[in-house]
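First the structure, in the form of structure tokens, and then the observations on it.
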Protein chains: 2
Amino acid sequence: MMTSREQEVVELIELLFFAYRDFVSDPDEILRDYGFGRAHHRIVHFVGRNPGIRVAELLDILRITKQSLGRVLKDLIESGHVEQREGDSDRRHRLLFLTEKGESLRRKLVGPQIERFSAALKASGPGSTGAYRDVLLHLVNPEDRKEVEARISRNLAMPVLD
Amino acid sequence: MMTSREQEVVELIELLFFAYRDFVSDPDEILRDYGFGRAHHRIVHFVGRNPGIRVAELLDILRITKQSLGRVLKDLIESGHVEQREGDSDRRHRLLFLTEKGESLRRKLVGPQIERFSAALKASGPGSTGAYRDVLLHLVNPEDRKEVEARISRNLAMPVLD
DNA sequence: AAAAATATGTCAGCATTGTTGACATATTTT
DNA sequence: AAAATATGTCAACAATGCTGACATATTTTT
């Protein structure tokens, strides 16, 4: 059997599924025009948000194998959306950057997602942003929480250039 | 360029990714012991939560083709986790139910998810449940919102049997 | 300097789960 | 009787995971 408290939680579980389902649907459509998939999107997104990220870091974010990453990353390098540079301090490192072309794609993909989110936050009560943040952050594995928190807010400190 | 408001929204976007990433990781491990994947999980979950659901409804929830569903559903029927009955009013319908075995698997899979969620809600401030609900529901496509709302809360009205 | 460890890349094969298109069957609606 | 609907199935293919093995360059340790 199931307590009504558990029933309530299961509703939230399903809501996460439905929200995620629709949330990724906008980029999916755009990506088709480029012959890219969701895997490409993730790379474009996280490289764009973390310029100079190392391959190993990207693997840790995505939680996939280097072989899986390699195949898709190769597409993006060959198409001129991503470029690699040697690390300064450690020349084994391959630092990843978006080209202008890549940055343009990133913005195109994130646009509808920002719109959808802004509308959702507007439609929800004030303070909903904080609560959303609290809950979602605590869904992340405890041992990863600090890193995730640092990663998502990293760019706030960056000067906003034009 | 990007306004700081947009920066904030992008953080929430990434948080959705990280939360989802870790949230599905618990069931994934369990499923491996059964030789099942995420696709099986989704079916077990939604059939369990919507006993007697029709194939077409399930397709609409999952947003996949009947061929994709068919392959995975076949596994679950052959393994004795799901059973089909003819519709009463319309005998073309195939109504889906979990067997006891299937219900047992469903509970096993949802257990860690309930735990993770309960802990997250506890750690977040009071009222965070409602805000989470508000935001996530508004991430769902407007035209699907009503249906999703009805679907997730459908079972609250059901008598809780033992 | 030599050995070990690290970061990355690559080849090959395979599994899961998504897709399209075509067609078959049973049943219900028109 | 004809058309529409719900489901199932076959075949081919695409995207994106995986494992295992091995190669190269570079840095760290001994």
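Quick note on labels: first sequence line is chain A, next is B, and so on, each numbered from 1. All values derive from a computational prediction rather than experimental measurement.
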Pairs flagged by ring pair (Phe, Tyr, Trp, His ring centres under 6.0 Å) wherever residues 70-115 of chain A is involved - sequence neighbours left out: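 Pairs touching residues 70-115 of chain A that pass the test: A/Phe36-A/His81.
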
Summary of ring pair (Phe, Tyr, Trp, His ring centres under 6.0 Å) pairs that have at least one residue in residues 51-76 of chain B, sequence neighbours excluded: none

List in chain and number order the residues that pass side chain to side chain contact (heavy atoms under 4.5 Å, CB included) with [X], two or more places apart in sequence or in another chain; answer none if no residue qualifies.
X        : answer
A/Glu100 : none
A/Glu115 : none
A/Val72  : A/Ala39, A/His40, A/Ile43
B/Asp22  : A/Arg63, A/Val140, A/Asn141, A/Asp144, B/Arg116

I need the residues from [range] with at least one non-hydrogen atom less than 4.0 Å from DNA chain D; give them sorted by number, or say none.
range                     : answer
residues 23-47 of chain B : none
residues 86-97 of chain A : A/Ser89, A/Asp90, A/Arg91, A/Arg92
residues 53-75 of chain B : B/Arg54, B/Val55, B/Ala56, B/Lys66, B/Gln67

With a 4.5 Å cut-off on side-chain heavy atoms, are [Y] and [X] touching?
X        : Y        : value
A/Leu62  : B/Phe17  : yes
A/Ile152 : A/Leu137 : no
A/His41  : A/Val24  : no
A/Lys101 : A/Leu105 : no
A/Leu139 : B/Phe18  : no

What is the first contacted nucleotide of DNA chain C and what is the last, in 5' to 3' order, if contact means an atom lying under 4.0 angstrom from a heavy atom of chain B?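 Boundary nucleotides touching chain B, in 5' to 3' order, are C/dT17 to C/dT28.
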
For residues 122-139 of chain B, which residue pairs pass the side-chain hydrogen bond (donor to acceptor under 3.5 Å, both in side chains) check, not counting sequence neighbours? A/Glu11-B/Arg133

Which pair of heavy atoms, one from [X] and one from [Y], lies closest together, and at what distance?
X       : Y        : result
B/Arg85 : B/Glu83  : NH2-OE2, 3.5 Å
A/Ala19 : B/Leu136 : CB-CD1, 3.4 Å
B/Val47 : B/Leu58  : CG2-CD2, 3.9 Å

Which ranges of DNA chain C pair up as stems, where a stem means three or more consecutive Watson-Crick or G-U pairs with both distances under 3.5 Å? C:1-30 with D:1-30

